[in-house]
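In what follows, a single structure is set out as structure tokens and then discussed.
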2 protein chains.
Amino acid sequence: MDGATLFLGNAIHASRMAICRQGAGDRLLFVDMRGNVAITIKDIARQAGVSAATVSKVLNRKDQFISEETREKIWSLARERNYTPNSIARSLVTRSSRVIGIIVPDILNAYFTELVRACDVAARERGYSTILCNSDSDPEKEAAHLTFLASHGVDGIVMAASDLIPDAGLLERLRIPLISMDREIPELDCLAARIDTDYETGAFLSASHLIGAGHKRIAFVSGNPLASNTKIRRAGYERAHREAGLPIDPDLIECGAFNHRFGLMATRTLLDRTSFSAMCCMSDMLAMGATVALRERGLGVPEDCAVMGFDNIYIAPLLVRPLSTVERRISEAGQLAVDALIDFLDDPTQPRRMVLMEPTVILRETT
Amino acid sequence: MDGATLFLGNAIHASRMAICRQGAGDRLLFVDMRGNVAITIKDIARQAGVSAATVSKVLNRKDQFISEETREKIWSLARERNYTPNSIARSLVTRSSRVIGIIVPDILNAYFTELVRACDVAARERGYSTILCNSDSDPEKEAAHLTFLASHGVDGIVMAASDLIPDAGLLERLRIPLISMDREIPELDCLAARIDTDYETGAFLSASHLIGAGHKRIAFVSGNPLASNTKIRRAGYERAHREAGLPIDPDLIECGAFNHRFGLMATRTLLDRTSFSAMCCMSDMLAMGATVALRERGLGVPEDCAVMGFDNIYIAPLLVRPLSTVERRISEAGQLAVDALIDFLDDPTQPRRMVLMEPTVILRETT
DNA sequence: CTCACGTAAGTAAACGTTTACCTAGATGGT
DNA sequence: ACCATCTAGGTAAACGTTTACTTACGTGAG
């Protein structure tokens, strides 16, 4: 067949309309109902005069027993006709999609933006792609996303911290290799790794730095009070006080969420309720919200009130007053997570990894 | 069959190992090689004593001619066994995945974070999911993502501005319904809609505001100088000058990228080269970078140099000096894009939409 | 010459759905 | 009694791959 031939598509279901459309280069192409040109392995096979199996073998480089001639014919045909494998069909038979799902509570929180980005980069490096899901810290959405990802055949899932403890029953049932980041998680067969941050130390360092600078009344603002990642941080904050012989005043504590909106509101509440000279915010977004509230009341940072953040998101040093914060090496965590997942996929018998990342304090201008 | 029976899976390929694993609730479950419990429509059918077709009809609510009894049996079985349809198999036969792809240049740019979020929300509202891809403004990555998305059978794609004009040949070939946001794009059959921002007016408003405030030397910082979305902005900036009878000094212009890093570098360069009392930054990220550079040199904002942003990302009002900027209604744009796409998917014959969003100026404290 | 083996393919089943079309029984009208 | 129609559901092909197994044809050794 030469280059100007009419290529028939596969025999198609009688009910499905076929359209022959004049393509570029004066060629007739087979086009399906939605107007998509469909080049399949069978088309290549027919044109090359071989079977579909042979084409598949060549294209997947399992061509040990294929002659050089056939091999080249298939490759050049595939290139010429811009053959793109149908990943859906491939996934169906191989039961592997080379896609990993990522669930985060809030992509608008720059911490998660960075994390997602890092995961994506790490995944692509190893030939995987990612699908992103936002849970909004809503258990129902989280469960729905989990089911969605399972239904779409992802090979593994990275679940990043949210306030909620995931539905163990669901996870157990899905049996999809899972990486848990910074959250409490039940013991699960499919748990490939945990990447956690030593929040206790992080909060301790943050509060200790403030105490060391002479502050005696330090507000504490964090996420959902019921969630472990808040409780643990609070423990660090309290230990810093105990070790310095300072009392802990519950009036100084406001927990709710990690976003800037809560930071703003919590700070207003705190300001109305009591007095303090420093704030220990358990996320940078919280610290940004807090700073806005402080300014509203005419309070300067750090002159009237010092502010510590947590996470060291990329925006932190870009603020007009670069934010002092607790560094978490977000990208490294994301990369670690995805690498652990893919390693587990490659060899599920290997030991589960448990990583505890140690945070450090970065002093900039808000303290 | 009662609840404690051994459920055999489908007859499986002889070579594929089957493992019978003791599940929760003292039940033996059929488990595949990767350890995943596989409940298929056939399992439900066998248990209900009907054909797979009947199960499919019921579960898809095409059950006009199915008895109430059968229907209930199938539903309760499906619920009880936590049947989750295999979207991959479904997509293969229906040729529709109810997934849309989103390509952005840089998810770390808060503008795109918000856009992606809005698209995701809009898509989910209409029963679609999204897959996110980062192009890093790299034509090769963009092409690779396009191919990836096509290969994964997305129903449509939202492509957000990057500096590059997309590969028309590739797009033409893929024939996937496309929404183009804020970028030059060739006339394409599959172009479902364009959602653009009136950059010319936006930049004009930004510069005019600064001129109105008495500034005479206003720096202009924007993205890739070859890209239309920079050229058009520059035209607006220049028009504002012309209309005010002000000269345009090329020394005041630095174009490269829209991220904060370039904002920082460009401002340093400008500061070394010439003098000015205001900056017209064509993205908020650029403005944030510019502010940092200004501070470095001991210049206060807005006392020594006024700064205008562009986009009104959610962080803009959270800065210690809330940023004056040009508002773009990011979420609305995202929603518009996805709605246009899905409407097109529902009815491809409808007229293509062309939306030009009008920006407005928001004055805060940096000017 | 036979047999074993290596090479270059081809065959067909399988993945889990959806769906056009078929069937068989029941009902009802003439 | 016969035919048409409705109801409830079954059959089998199709989607585009991958892959275990088979085949057919050398070729060299014994």
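Chain A is the first sequence line, chain B the second, and so forth, proteins listed ahead of strands; every chain is numbered from 1. What you see is a predicted model; the values in this text were computed from it and never measured.
- Contact between the side-chain N/O atoms of B:T40 and the OP1/OP2 oxygens of C:dG16 is not found at any separation under 4.0 Å.
- Look at NZ on A:K42: it is 8 Å from C1' on D:dC15, rounded to the nearest Å.
- A:I41 has its CD1 atom 15 Å from the C1' atom of C:dA9, to the nearest Å.
- Residue B:V93 places its side chain closer to C:dT17 than to any other of C:dT17, D:dT17, C:dG10.
- Side-chain N/O atoms of A:R95 include one lying less than 4.0 angstrom from OP1 or OP2 on C:dG16.
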Stepwise side-chain contact (heavy atoms from CB on, under 4.5 Å) check, A:M159 with A:H145:
CA-CA 11 Å; A:M159 268 180 108; A:H145 287 141; over 6 Å; no
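- Checked by atom type and distance alone, the side chain of A:D43 pairs as donor or acceptor with a backbone atom of A:T40 at under 3.5 Å.
- Regarding contacts with the backbone of D:dG16, every side-chain N or O of A:R90 stays at 4.0 angstrom or more from both OP1 and OP2.
- Using five terminal pairs a side, the axes of the helix from C:dC1-D:dG30 to C:dT30-D:dA1 at its two ends make an angle of 70°, given in steps of 10 degrees.
- Rounded to an integer number of Å, the gap from B:I39 CD1 to C:dC15 C1' is 16 Å.
- Under a 3.5 Å cut-off, the side chain of A:T84 and the backbone N or O of B:S151 do not form any donor-acceptor pair.
- Contacts between residues 56-76 of chain B and DNA chain C, defined by a heavy-atom separation under 4.0 Å, are made by B:S56, B:N60, B:K62.
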Yes or no on salt bridge (Lys or Arg N to Asp or Glu O under 4.0 Å) for B:D346 and B:R126, after CA distance, side-chain angles and deciding distance?
CA-CA 11 Å; B:D346 289 343; B:R126 300 191 58 176; 3.3 Å; yes
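- B:H152 places its NE2 atom 16 Å from the P atom of D:dG16, with the value rounded to the nearest Å.
- Rounded to an integer number of Å, the gap from A:L92 CG to D:dT19 C1' is 14 Å.
- Inter-residue side-chain proximity for A:L59 and A:I44 is flagged as unmet; no heavy-atom pair is nearer than 4.5 Å.
- Taking 4.0 angstrom as the limit, B:T54 places a side-chain polar atom (N or O) nearer than this to OP1 or OP2 of D:dG10.
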Steps toward side-chain contact (heavy atoms from CB on, under 4.5 Å) verdict (A:L146, A:I176):
CA-CA 9 Å; A:L146 242 16; A:I176 299 179; over 6 Å; no
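- Contact of the B:Y83 side chain with the B:V55 side chain is not registered, since no non-hydrogen atoms from C-beta on lie closer than 4.5 Å.
- C:dC15 atom P lies 11 Å from atom CG of B:N86, rounded to whole Å.
- For the pair A:Y83 and D:dT17, the criterion of a side-chain N or O lying under 4.0 Å from OP1 or OP2 is met.
- Taking the salt bridge (Lys or Arg N to Asp or Glu O under 4.0 Å) definition, one finds that A:R352 meets it with nothing, sequence neighbours left out.
- Listed candidates were D:dG10, C:dA12, C:dT19. Nearest to the side chain of B:A53 is C:dT19.
- In this structure a side-chain-to-backbone donor-acceptor pair under 3.5 Å is missing from B:H152 to A:S87.
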